[in-house]
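Structure first, then comments.
Since we're looking at a predicted model, the values are computed, not measured.
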Amino acid sequence: MPERAAAATLLLLLLAAPGRPGEAPAADPGPSAARRAELVHLLRHDCGSCHGLTMNGGLGPPLLPATLAPKDREALVVTVLEGRPGTPMPPWKHELAEAEARYLVDLLVEGRVP
Amino acid sequence: MRRRTAIALGLAAPLLPSRPAAAACPEPRGTGDLFVIVERARGSLLIAESTGNTVLGRVEGLGDLSHASLVFSRDARFAFVFGRDGGLSKVDLLERRLAARVVQAGNAIGGAIAQDGRVVAVANYEPGGVRLFDAATLAPLLEVPAVGADGKRSKVVGLVDTADNGFAFTLWDSGEIWLLDPSDPAAPRITKFPGIGSLPYDANVTPDGRFYVAGLFGEDGLVLLDLWHPETGPKRILDGYGRGEEPLPVYKMPHLEGWGAAGEHLLLPAVGRHEVLVVDRRSWREVGRIPVLGQPVFVVVRPDGREAWVSFAHPKNGAVQILDLERLSVAATLTPGRAVLHLEFTPRGERLWLSARDDDRVVVMDTRRRAVLASLPADKPSGIFSTARAHRIGS
């Protein structure tokens, strides 16, 4: 039951969140404040299980501004959504909308992870 | 003679100063019921006891403890904690303080303690390799760079203790198993088995210490090495268990731990499939597979071998499933907390402790009634370790 309730909450948040596919991308304000908090939690703890709680790397590479700087942001968004076949990096497109992946990539590249 | 000595001591006793340890430890106590809980974000440990299910205290200042694990000294007085940031900390469980600490690498994944308890080994990602330390002082003893057959340094996973004070470990990048005999630190003997398969993500030794098993992420299968007869080389087992199907996304790597033998069976998490694989320990053939609700991470067999409790990767990490090992089927599905990261039984299995990271608590369950007995506040708890591990091979 709690899980279902959590899923329902998540669904509501997702529906409420702006920037879902199908909406106008031009004036995309990104995820809502509540969703941002969830995304940061996901980044620290779930991405962090391979990339480190401090993004300093683990089984997966570090995700620090210095290591990400040479990479193209759009390519990073695609990596988050589609994963990297042949490596343990899974596709997150079932969990994250494109705007949400972009929000996380921006935080990492700009060194702004709260 | 002996009695006379005792009497003499008894007479002398009133002349001695009052017991100096009285303030720190009012009642002498054992450590056999202690549980150590990693608080991954805070960089601290909780020391708890599993008789009354209470937290005794917290030890802080252990660095980055994301994915931290620990082993115990043979007297179960000390924990050796392996931090993500390469920190190796020795913690006194009774005085609940840091006894020693070194930062020995840039990025580490876990470790092991030798059979005789005198050497602690750490598996490092950066720089890839294994380092050995004196368990008494944490003085460095030996460094083994994990330079694979490809000429590059590899991350090391699956480091365990083996017979004769040796260690076994696996090279993630180059796909190798190495056996280390450090009895002569000036000339350590290393036996290498290259080409075991693609991306071995973890490995462990069977509870009897005989077989070392490595799981592969890059291929459907596992690798078995008979440590009684390493000259026979690694063998592939459960080859192609995915039957060529496209693997499902894996949002957290499974762990080969707590897989205690259940009679003739060994239970293993499948990778990229929502199944627990059941293997015959004699033939090393698959005897069944149990469908579960997500990617299994820990498959922990209750010490009596009758059940296994399973935790899952995101997004199913709010559930725990109980497997009936007679019927090889799911007996119950529980939702004991949000983001369940680890499961640990009491030594005889009447209770299970689990960490619910996103609820900031550790839940103690009665395993027969499957009911919650206690809920202990903890700051983003991850690994939970019973001191019973002090006396087990490979843990």
Side-chain angles (χ1 to χ4, degrees), chain A residues 1-11 13-14 34-35 37-64 66-67 78-97 100-101 104 113-114, chain B residues 40-43 63-68 83-86 106-109 125-126 155-157 172-173 198-199 201-202 217-219 246-255 271-272 293-295 297 312-319 333-339 341 356-359 380 382:
Chain A
M1 257 321 262
E3 192 181 43
R4 190 177 295 176
T9 310
L10 184 64
L11 187 63
L13 284 168
L14 285 172
R35 180 62 179 154
E38 287 183 346
L39 291 170
V40 168
H41 185 84
L42 183 87
L43 179 67
R44 283 216 169 276
H45 293 285
D46 293 296
C47 304
S49 68
C50 276
H51 296 285
L53 197 67
T54 57
M55 303 299 141
N56 201 25
L59 201 60
L63 302 180
L64 300 170
T67 51
V78 171
T79 299
V80 172
L81 294 174
E82 302 294 332
R84 288 187 66 200
T87 79
M89 178 63 185
W92 288 86
K93 61 187 173 193
H94 312 291
E95 306 283 320
L96 300 175
E100 296 172 337
L104 291 176
V113 181
Chain B
R40 65 197 303 271
R42 185 180 178 130
D64 179 356
L65 293 188
S66 60
H67 207 290
R84 166 66 86 196
D85 56 4
N107 201 310
I109 189 62
Y125 279 171
E126 186 56 49
K155 291 171 181 163
V156 170
V157 298
W172 155 261
D173 299 287
S198 170
L199 301 180
Y201 64 89
D202 194 12
F217 183 85
E219 295 172 57
E246 189 66 23
L248 299 164
V250 177
Y251 293 107
K252 183 175 170 63
M253 275 290 180
H255 289 60
V271 180
L293 59 71
Q295 168 65 54
V297 175
F312 297 98
H314 175 91
K316 297 291 188 182
N317 56 12
T333 301
L334 314 176
T335 49
R338 293 184 300 151
L341 290 192
R357 183 195 68 203
D358 289 355
D359 286 334
K380 298 277 174 291
S382 53

Picking from [options], which has the most non-hydrogen pairs under 4.5 angstrom with chain B?
{"options": "A/Leu53, A/Leu59, A/Asp46", "result": "A/Leu59"}
{"options": "A/Gly83, A/Gly58, A/Gly86, A/Gly52", "result": "A/Gly58"}
{"options": "A/Pro91, A/Pro88, A/Pro90", "result": "A/Pro88"}

Item to complete: Flag the pair B/His255 / B/His67 as yes when their ring centroid distance falls below 6.0 Å, and as no otherwise.
Response: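 Under 6.0 Å, so yes.
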Give, as side chain, backbone, both or neither, the part of [X] having an atom under 4.5 angstrom from any heavy atom of chain A.
{"X": "B/Ile109", "result": "neither"}
{"X": "B/Tyr251", "result": "both"}
{"X": "B/Ala41", "result": "both"}

Worksheet item: If you measure from CD on A/Glu95 to CG on A/Leu39, what distance do you get to the nearest 0.5 Å?
Response: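 These two atoms lie 11.0 Å from each other.
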Practice prompt. Take B/Asp173 and B/Lys155 through the test salt bridge (charged side-chain N to carboxylate O under 4.0 Å, His left out) and record every step on the way to the result.
Written response: CA-CA 6 Å; B/Asp173 299 287; B/Lys155 291 171 181 163; 5.4 Å; no
Discussion item. Quick check on A/Leu42 against chain B: is it the side chain, the backbone, both or neither that has a heavy atom closer than 4.5 Å?
Written reply: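 Interface part for A/Leu42: side chain.
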Worksheet item: A/His41 versus chain B, heavy atoms under 4.5 Å apart: side chain, backbone, both or neither?
Response: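 It is the side chain, since no backbone atom gets that close.
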Worksheet item: Does a side chain donor of either A/Asn56 or A/Thr54 reach within less than 3.5 Å of an acceptor in the other side chain?
Response: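 Judged by distance alone, the side chains do not pair up.
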Discussion item. Can a donor-acceptor pair be found, under 3.5 Å and without considering hydrogens, that links the side chain of B/Asn107 to the backbone of A/Gly57?
Written reply: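 Yes: the side chain of B/Asn107 pairs with the backbone of A/Gly57.
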Practice prompt. Decide side chain to side chain contact (heavy atoms under 4.5 Å, CB included) for B/Arg357 and B/Arg40; before the verdict, give the C-alpha distance in whole Å, the side-chain angles of both, and the deciding distance to 0.1 Å.
Written response: CA-CA 9 Å; B/Arg357 183 195 68 203; B/Arg40 65 197 303 271; 4.3 Å; yes
